[in-house]
Amino acid sequence: MPVANIQVSETPMVLYTLRRADDALILGHRLSEWCGHAPMLEEDMALSNIALDLIGQARELYTYAAAVEGKDNDEDKLAYLRDVRQYRNLLLVEQPNGDFAQTLVRQFFYSAFADLYWRAMMTSRDATLAAIAAKSEKESAYHLRHASEWIIRLGDGTDESHVRAQTAIDHLWAFTGEMFAVDDGECALIHAGIAIDPGTLRGRWLTTLSDVISEATLELPQNDWMQQGGRAGRHSEHLGHLLSELQSMQRTFPGLTW
């Protein structure tokens, strides 16, 4: 029997929390795809551990979103029983893994933002979000350090690794602007002291990127045109394919527990 998509009351607070949860879930799933396929055993374990960190963040955020909504939804329903247009993750995190360089560049762009974001969110007037931020920042600091070391290693390595890293930077750059965009609902939460304005983080984010990219003998693109849509539920075709795998168990065996 087909499983109906759940309905979610997307108030500004619920939507804000879901967006961050979706970022973590989708990126965590992408990284999990490397399990058993990374170029070395140590990196296989590292990417899997980062994926687990992100899934843990997603669980906490989904649980809080469900509590704020106050209906019959829970973390599993929010993760597995929404339609693709109901997901509000960044376009960046749903992009395919590609080669190892593309995966690490995607992680680097996101982690450089996430580390600043969670550190700032520790001052949120919402006690639950502040607590989630305090835990997540410790994890994101490691994620950023790990990705930064690999960007330098790839960029300043062989000719091939350099070309692959630069190609990944050029390809993924247009997906980074969405991290700093806000809508009216999010603006209200910023004014209330619940959310932080991501635009205030962009200067430090660029500094972090520039320092690492320079050491890696790579270059940041000068193109200012950016892709948009993920936060509004408009996604690339890649998310639909990802969700068909991610949701397969709950869609096939509704309500299954183990």
task: Locate the shortest heavy-atom distance separating Leu18 from Ala65; write the atom from each residue and the value.
output: CD2-CB, 4.0 Å

message: So Ile196 and Ser124, do their side chains get closer than 4.5 Å, heavy atoms only?
response: no

- prompt: Going hydrophobic residue to hydrophobic residue with side-chain gaps under 4.5 angstrom, can you get from Leu41 over to Leu104?
  reply: no

task: Show the numbers, then the answer: is there a side-chain contact (heavy atoms from CB on, under 4.5 Å) between Ile50 and Tyr142?
output: CA-CA 9 Å; Ile50 294 172; Tyr142 162 70; 3.9 Å; yes

task: Could you note down all residue pairs passing side chain to side chain donor-acceptor pair (under 3.5 Å) where residues 24-35 supplies at least one of them, sequence neighbours left out?
output: Arg30-Glu33, Glu33-Asn97, Trp34-Thr103

- prompt: Are Arg82 and Tyr87 in a cation-pi contact, defined as NZ or CZ under 6.0 Å from the six-membered ring centre and within 45° of the axis?
  reply: yes

message: Keeping Thr123 on the side-chain end and Ala120 on the backbone end, is there a donor-acceptor pair under 3.5 Å?
response: yes

message: To the nearest 0.5 Å, what is the distance between NE2 on His191 and CD1 on Ile194?
response: 12.5 Å

message: Determine whether a donor-acceptor pair (N or O, by modelled atom type, separation under 3.5 Å) exists between the side chain of Arg19 and the backbone of Arg88.
response: no

message: Are Leu239 and Asn89 packed together at the side-chain level, in the sense that at least one heavy-atom pair is separated by less than 4.5 angstrom?
response: yes

task: Indicate yes or no: at least one non-hydrogen side-chain atom of Met13 is less than 4.5 angstrom from one of Leu129.
output: yes

- request: Measure the spacing between OG of Ser48 and CG of Asp53 and express it to the nearest 0.5 Å.
  value: 11.0 Å

message: By the side chain to side chain donor-acceptor pair (under 3.5 Å) test, which pairs, at least two apart or in different chains, include something from residues 224-241?
response: Asp23-Arg231, Glu94-His235, Glu94-Ser236

query: Donor-acceptor pair, Thr217 side chain versus Gly155 backbone, under 3.5 Å?
result: yes

field: Leu189-Met122 co-clustered via ILVMFWY side chain contacts under 4.5 Å
entry: no

Which atom of Leu91 lies closest to which atom of Gly230, heavy atoms considered: CG-N, 3.7 Å

query: So do Glu137 and Tyr117 actually touch side chain to side chain, heavy atoms under 4.5 Å?
result: no

statement: Exactly one of Glu139, Arg20, Lys135 clears side chain to side chain donor-acceptor pair (under 3.5 Å) with Gln57, and that residue is Glu139

Nearest heavy atoms of Val105 and Ala168, plus distance in Å: CG2-CB, 3.7 Å

field: Derivation of the side-chain contact (heavy atoms from CB on, under 4.5 Å) call for Glu43 and Phe100
entry: CA-CA 10 Å; Glu43 196 56 28; Phe100 189 64; 3.5 Å; yes

message: Membership question, hydrophobic clusters at under 4.5 Å side-chain separation (ILVMFWY): are Leu52 and Ile26 in the same one?
response: no

- prompt: Does a side-chain heavy-atom distance below 4.5 Å link His162 with Asp156?
  reply: no

query: Step by step, would you call Tyr62 with Asp22 a side-chain contact (heavy atoms from CB on, under 4.5 Å)?
result: CA-CA 9 Å; Tyr62 283 136; Asp22 290 345; 2.5 Å; yes

side-chain contact (heavy atoms from CB on, under 4.5 Å) partner of Leu92, chosen from Gln107, Arg106, Glu178: Arg106

message: Can a donor-acceptor pair be found, under 3.5 Å and without considering hydrogens, that links the side chain of Trp205 to the backbone of Tyr110?
response: no

task: Spell out, as yes or no, whether a donor-acceptor pair under 3.5 Å connects the side chain of Thr176 to the backbone of Leu172.
output: no

task: Determine whether Lys77 and Asp72 make a side-chain contact, defined as any pair of heavy atoms from C-beta on separated by less than 4.5 Å.
output: yes

field: Arg59 and Asp74 ion-paired at < 4.0 Å
entry: no

task: Please determine, by modelled atom types, if Ser161 and Thr158 share a side-chain donor-acceptor pair under 3.5 angstrom.
output: yes

- prompt: Taking the six-membered ring for Trp, is the centroid-to-centroid distance between Phe108 and Trp150 below 6.0 Å?
  reply: no

Phe180/Phe113 under ring pair (Phe, Tyr, Trp, His ring centres under 6.0 Å): CA gap, chis, key distance, verdict: CA-CA 9 Å; Phe180 306 99; Phe113 170 79; 5.4 Å; yes

task: Of all the heavy-atom pairs spanning Ala21 and Ala58, show the shortest one and how long it is.
output: O-CB, 3.6 Å

query: From Glu149 CD over to Glu215 CD, what is the distance, rounded to the nearest 0.5 angstrom?
result: 10.0 Å

- request: Mind checking the CD-CD spacing from Gln102 to Gln95? Nearest 0.5 Å is all I need.
  value: 7.5 Å

- request: Identify the heavy atoms of Ala165 and Leu218 that sit nearest to each other, and give their distance.
  value: CB-CD1, 3.9 Å

Minimum-distance pair of heavy atoms, taken over all atoms of Lys71 and Ser9: NZ-OG, 2.5 Å

- prompt: Where the side chain of Asn73 meets the backbone of Gln7, is there a donor-acceptor pair that is under 3.5 Å apart?
  reply: yes

- request: Assess whether atom CG of Asn223 is packed by more than 12 heavy atoms of other residues, nucleotides or ligands within 6.0 Å.
  value: yes

task: Using a 4.5 Å cut-off on heavy atoms from C-beta on, say whether the side chain of Leu54 contacts that of Leu25.
output: no

- prompt: What distance separates Phe253 CZ from Ser248 OG, expressed to the nearest 0.5 Å?
  reply: 9.5 Å

task: Evaluate the side-chain proximity of Leu47 to Asn49: yes if any heavy-atom separation is below 4.5 Å, no if none is.
output: no

field: Shared hydrophobic cluster for Leu154 and Val163 (ILVMFWY, side-chain gaps under 4.5 Å)
entry: no

- request: Say whether Leu15 and Ile6 are linked into one hydrophobic cluster, either directly or through other cluster members, by side-chain heavy-atom distances under 4.5 angstrom.
  value: no

message: Under 4.5 Å side-chain heavy-atom separation, chaining through any Ile, Leu, Val, Met, Phe, Trp or Tyr, what else clusters with Val182? Say none if it is isolated.
response: Ile190

- request: Inspect the contact between Asp99 and Arg164 and indicate whether a charged nitrogen and a carboxylate oxygen are less than 4.0 angstrom apart.
  value: yes

task: Kindly determine whether Glu69 and Val8 satisfy side-chain contact (heavy atoms from CB on, under 4.5 Å), including the steps that lead there.
output: CA-CA 8 Å; Glu69 186 190 24; Val8 181; 3.7 Å; yes

Gln222 side, atom CD; Leu220 side, atom CG - distance, nearest 0.5 Å: 7.5 Å

